[in-house]
Participant: 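What follows is a single structure, and I will ask about it in a moment.
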Amino acid sequence: MPKLETWLSFASLGLCAMYVALLLSFYTFLIGPTGNGPNTVVDPVAVMVQIVSISGAPALVISGIVFAMTRGSRNKGAGPVLIIAGIILIIGIMSLKSVSTKIPERMMISMFDPVNYAFIAGGVGIVLIGVYQFLQPKNQTSNRIRLE
């Protein structure tokens with residue numbers, strides 16, 4: 001049966017996928033049905049803050065929690081899941097660059113690029129955490145010298 005750390009890594013995976021899907025749908029909405037923008041009034045900054053706070057930031061926080069929880073136990077089940085989550089985040093955001101070029105200038109905000117670059121860096125961090133979790137020996141306490 002998977003441990004709590006593995007379930008949390010699955011939560012991080014789901015939140016990473018949800019973040020990319022929400023960004024894709026938001027960018028598609030900003031392009032609009034005719035390519036000239038949406039038919040309704042929208043505040044792109046507010047929607048971007050909502051997307052980041054609903055799925056993006058929690059994905060990074062949960063990955064950090066998984067790292068903190070598995071430092072002593074070296075649960076290898078969480079490592080591959082975190083690697084996949086980070087890869088989804090990196091590739092998903094990089095592929096959104098082609099969609100973001102179609103957004104009309106009046107709907108483009110300066111907040112899009114720095115946030116995306118920050119989450120690409122976060123995705124690299126998640127991959128590194130996953131690789132670290134996966135490559136570490138399962139029981140590291142046996143390598144320590146015990147002072148009694």
Side-chain angles (χ1 to χ4, degrees), residues 1-140:
M1 179 144 179
K3 293 184 175 184
L4 177 63
E5 298 89 13
T6 307
W7 289 113
L8 285 175
S9 64
F10 279 117
S12 179
L13 173 69
L15 286 170
C16 287
M18 187 170 106
Y19 179 70
V20 171
L22 284 171
L23 275 182
L24 177 63
S25 65
F26 180 54
Y27 284 6
T28 305
F29 171 76
L30 288 178
I31 293 170
T34 60
N36 296 328
N39 295 333
T40 60
V41 179
V42 65
D43 183 11
V45 175
V47 175
M48 190 69 172
V49 168
Q50 287 178 347
I51 291 173
V52 167
S53 62
I54 287 172
S55 58
L60 298 179
V61 169
I62 289 176
S63 297
I65 291 171
V66 169
F67 175 68
M69 289 178 71
T70 57
R71 281 185 14 185
S73 67
R74 300 292 182 220
N75 181 6
K76 290 195 181 263
V81 178
L82 287 177
I83 293 170
I84 294 169
I87 289 172
I88 286 174
L89 196 59
I90 295 167
I91 292 175
I93 291 175
M94 290 175 80
S95 65
L96 286 173
K97 280 303 246 184
S98 63
V99 177
S100 68
T101 58
K102 299 175 186 173
I103 297 174
E105 278 299 316
R106 63 184 172 84
M107 294 309 244
M108 199 66 173
I109 57 173
S110 61
M111 182 180 179
F112 285 160
D113 285 336
V115 169
N116 286 340
Y117 292 136
F119 277 98
I120 288 174
V124 170
I126 292 173
V127 169
L128 292 176
I129 288 172
V131 168
Y132 178 76
Q133 296 292 332
F134 188 68
L135 293 180
Q136 289 299 316
K138 186 149 182 118
N139 188 1
Q140 203 169 22

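If you're wondering where the values come from, they're calculated on a predicted model, not measured in any experiment. Hydrogens, waters and symmetry mates are skipped; everything else that's a heavy atom, side chains included, is used.
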Participant: Can you measure from CD1 (I83) to CG (L13) and round to the nearest 0.5 angstrom?
Facilitator: 12.0 Å

Participant: To the nearest 0.5 Å, how far apart are CD1 in I88 and CD1 in I93?
Facilitator: 11.5 Å

Participant: Taking the side chain as every heavy atom from C-beta outward, state whether V66 and S12 have any atom pair closer than 4.5 Å.
Facilitator: no

Participant: Between atom CG of L8 and atom NZ of K3, what is the distance when rounded to the nearest 0.5 Å?
Facilitator: 13.0 Å

Participant: If you measure from CE on M107 to OH on Y27, what distance do you get to the nearest 0.5 Å?
Facilitator: 13.0 Å

Participant: Work out which heavy atom in A11 is nearest to a heavy atom in I62; give both atom names and the distance.
Facilitator: CB-CD1, 4.4 Å

Participant: Side chains of Y19 and V52, heavy atoms from C-beta outward: is any pair under 4.5 Å?
Facilitator: yes

Participant: Do you know the tightest heavy-atom contact between S100 and M108?
Facilitator: O-CE, 4.0 Å

Participant: Do E5 and T70 have a side chain donor and acceptor closer than 3.5 Å?
Facilitator: no

Participant: Could you check I91 against M94 for side-chain contact (heavy atoms from CB on, under 4.5 Å), going step by step and ending with a plain yes or no?
Facilitator: CA-CA 5 Å; I91 292 175; M94 290 175 80; 5.8 Å; no

Participant: Is the shortest side-chain heavy-atom distance between R106 and L30 below 4.5 Å?
Facilitator: no

Participant: If we only count heavy atoms from C-beta on, is the I65 to V61 side-chain gap below 4.5 Å?
Facilitator: yes

Participant: With a 4.5 Å cut-off on side-chain heavy atoms, are F119 and L60 touching?
Facilitator: yes

Participant: Do the non-hydrogen side-chain atoms of L96 and N116 ever get within less than 4.5 Å of each other?
Facilitator: no

Participant: If the plane angle is over 60° it's perpendicular, under 30° parallel, otherwise tilted; pick one for F26 and F29.
Facilitator: parallel

Participant: Roughly how far, to the nearest 0.5 Å, is NZ of K102 from OG1 of T28?
Facilitator: 9.0 Å

Participant: Please name the pair of heavy atoms, one in P33 and one in N39, separated by the smallest distance, quoted to 0.1 Å.
Facilitator: CG-ND2, 3.6 Å

Participant: Show the nearest heavy-atom pair for residues A59 and S63, with the distance to one decimal.
Facilitator: O-OG, 2.9 Å

Participant: Can you name the closest pair of heavy atoms from P104 and G35 and give their distance?
Facilitator: CG-O, 3.9 Å

Participant: Enter the distance from I84:CD1 to I126:CD1 here, rounded to the nearest 0.5 Å.
Facilitator: 12.5 Å

Participant: Give the minimum heavy-atom separation between L24 and V99, together with the two atoms involved.
Facilitator: CD1-CG2, 4.2 Å

Participant: Would you say that L82 contacts Y132 through its side chain, given a criterion of any heavy-atom pair below 4.5 Å between the two side chains?
Facilitator: no

